[in-house]
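What follows is a short report on a single structure.
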Protein chains: 2
Amino acid sequence: MRRTDVPDVVIRRLPLYLRCLTYMAERGQSVVSSQELGAWVGVSSAQIRKDLSYFGEFGRQGLGYEVTYLRDQLRTILQADKRWSIVLVGAGALGHALVNYRAFESWNYDLSAVLDNDPEKVGQPIGDLRVRPMEDLVASVHETGAKIAILAVPAEAAQSVAEQLVAAGIRAILNYAPMNLVLPAEIHVSYIDPIASLQSTTFYL
Amino acid sequence: MRRTDVPDVVIRRLPLYLRCLTYMAERGQSVVSSQELGAWVGVSSAQIRKDLSYFGEFGRQGLGYEVTYLRDQLRTILQADKRWSIVLVGAGALGHALVNYRAFESWNYDLSAVLDNDPEKVGQPIGDLRVRPMEDLVASVHETGAKIAILAVPAEAAQSVAEQLVAAGIRAILNYAPMNLVLPAEIHVSYIDPIASLQSTTFYL
DNA sequence: GCGTGTGAAACAATTCACAGCG
DNA sequence: CGCTGTGAATTGTTTCACACGC
């Protein structure tokens, strides 16, 4: 099964399965059925089985899936077993919160540089990092080997900074700015926008 | 067109259109075509037209859409013209960042109470609020009229707190905890989980 | 001509239902 | 018997293509 044959919706569900399996393994559960896993993550058992079937046969008929085995398979598929360096652009309140968010570290993501173009912020410490000027972007990306960047700048700056990131060799962006980015198709962009989420939920209220 | 006839994917795109139209209106642009709007938000022009057609006929043939008119229509559809009170549970680093996030205010959302069950945190000021104990939940929801809650607690606590929110009358939850919530179908839950986003992007790298 | 609104066609995702195996 | 893996059927979404009006 080639990467491009797997629908993107499937890829976006795998982390939910992985998270759930990780909790189950921590609790010492050894086996899980597609039914039980589906109940936890909120999808049908058929969907779980179909999703997994894109990548192989991980279960045993009549029994279910071995929790740690499936967890490790998903880790490999998602490359969550690797350590990933991340460059963060934007040292505002959000940037601070992200640097101090422990979950990155525990899931193998390493926020290894923080940059900002505000001279007031450059040089200030955040966590055990120091804010670097935007001129250091290419150097930061090379030093850290980062392929992923987190964009936590104001909307007006987002497109321009995103282009600089791509020019510096970044391949994937997690964008917290409330702005759609127009970038080459091979760059992967994920959007996190609580306002957009809230606006779609108020439609239903 | 009844609420339930509109696919949820469409509802999730409307905020992106609204955001873009708002920027365009600020810049003084008076008219926009589905083509141009699509280029900005990254969807096809046919999709824009189809999405809007669920709610009415807002454009003019040969011309396009009047920016402020369409913006106001979308605001009404999404109920983004109303002011919404929000109760925030969780006064950790994330809770602090959310309270200080100015975009809520500017998009008509009012973070009107913050709660936490940690006695150390209760009573502390955040922005111009003061952290209240979880026992005040029902009172907070009633005082503020909140129908929406933001959940910013550790994963272990999320399900339990979510149930308390529902019992207190909350109808929609924006969940920052890395945990799927199992709740009655009429409760609307949106998930924000940067780790899950990162894990799906590393699949492609 | 240009650009919307919309059925029809194409494509994509989910669910069904069951063969097959432990 | 229980539960996976999977084609087939169903359901949902996007794109096409064109009539219509400015």
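Labels below follow one simple rule: chain letters A, B, ... track the order of the sequence lines, proteins then strands, and each chain is numbered from 1. Just the heavy atoms: all of them, side chains too, but no hydrogens, waters or symmetry mates, feed the values below.
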Check: T202(B) side chain, L78(A) main-chain N or O, donor-acceptor pair, under 3.5 Å: yes

Start and end of the DNA chain D segment that chain A contacts, any atom under 4.0 Å from a heavy atom: dG2(D) to dA8(D)

Got a sec, which residues hit ring-ring contact (aromatic ring centres under 6.0 Å, His included) with H188(B), two or more places apart in sequence or on another chain? Y204(A)

Separation of atom CG in D51(A) from atom P in dT15(C), rounded to whole Å: 10 Å

Contacting residues from residues 18-47 of chain B, given that a heavy atom lies under 4.0 angstrom of DNA chain D: S44(B), Q47(B)

When the distance from CD of E66(B) to P of dT4(C) is rounded to whole Å, what number comes out? 14 Å

Using whole Å, report how far OH of Y65(A) lies from P of dG22(C). 15 Å

By nearest nucleotide on DNA chain C, pick out whichever of V9(A) and G62(A) is the more 5' one. V9(A)

Do the side chain of N180(A) and the main chain of W40(B) share a donor and acceptor less than 3.5 angstrom apart? yes

Whether Y191(B) side chain and L181(B) backbone form a donor-acceptor pair below 3.5 Å: yes

Would you kindly give the CD-to-C1' distance between E57(B) and dG3(C), to the nearest whole Å? 14 Å

May I have the distance from K50(B) (atom NZ) to dA9(C) (atom P), rounded to whole angstrom? 13 Å

Once you round it to whole Å, what is the distance between C1' of dC16(C) and CZ of R49(A)? 10 Å

Length of the line joining D8(B):CG and dA13(C):C1', which is rounded to integer Å: 15 Å

N or O in side chain of R12(A) less than 4.0 angstrom from dA13(C) OP1/OP2: no

Axis bend over the full length of the helix from dG1(C)-dC22(D) to dG22(C)-dC1(D), computed from five pairs that close each end, to 10 degrees: 10°

For D116(A) and A91(A), indicate whether the former's side chain and the latter's backbone hold a donor-acceptor pair under 3.5 Å. yes

Main-chain N/O of R12(A) paired to D8(A) side chain as donor or acceptor, under 3.5 Å: no

Judged by atom type as modelled, is there a donor-acceptor pair below 3.5 Å linking the side chain of R13(A) to the main-chain atoms of D51(A)? no

Answer with base, sugar-phosphate or nothing: what part of the nucleic acid does R60(A) contact at a heavy-atom distance below 4.0 Å? sugar-phosphate

Evaluate whether atom CZ of R102(A) has more than 12 neighbouring non-hydrogen atoms of other residues, nucleotides or ligands under 6.0 angstrom away. no

Sub-3.5 Å donor-acceptor pair from the side chain of S140(B) to the main-chain atoms of A113(B), do we have one? no

Return the set of residues passing salt bridge (Lys or Arg N to Asp or Glu O under 4.0 Å) with E36(A) (not counting sequence neighbours), or none when no residue passes. none

Residues 55-64 of chain B side chain polar contacts: donor-acceptor under 3.5 Å, at least two apart:
none

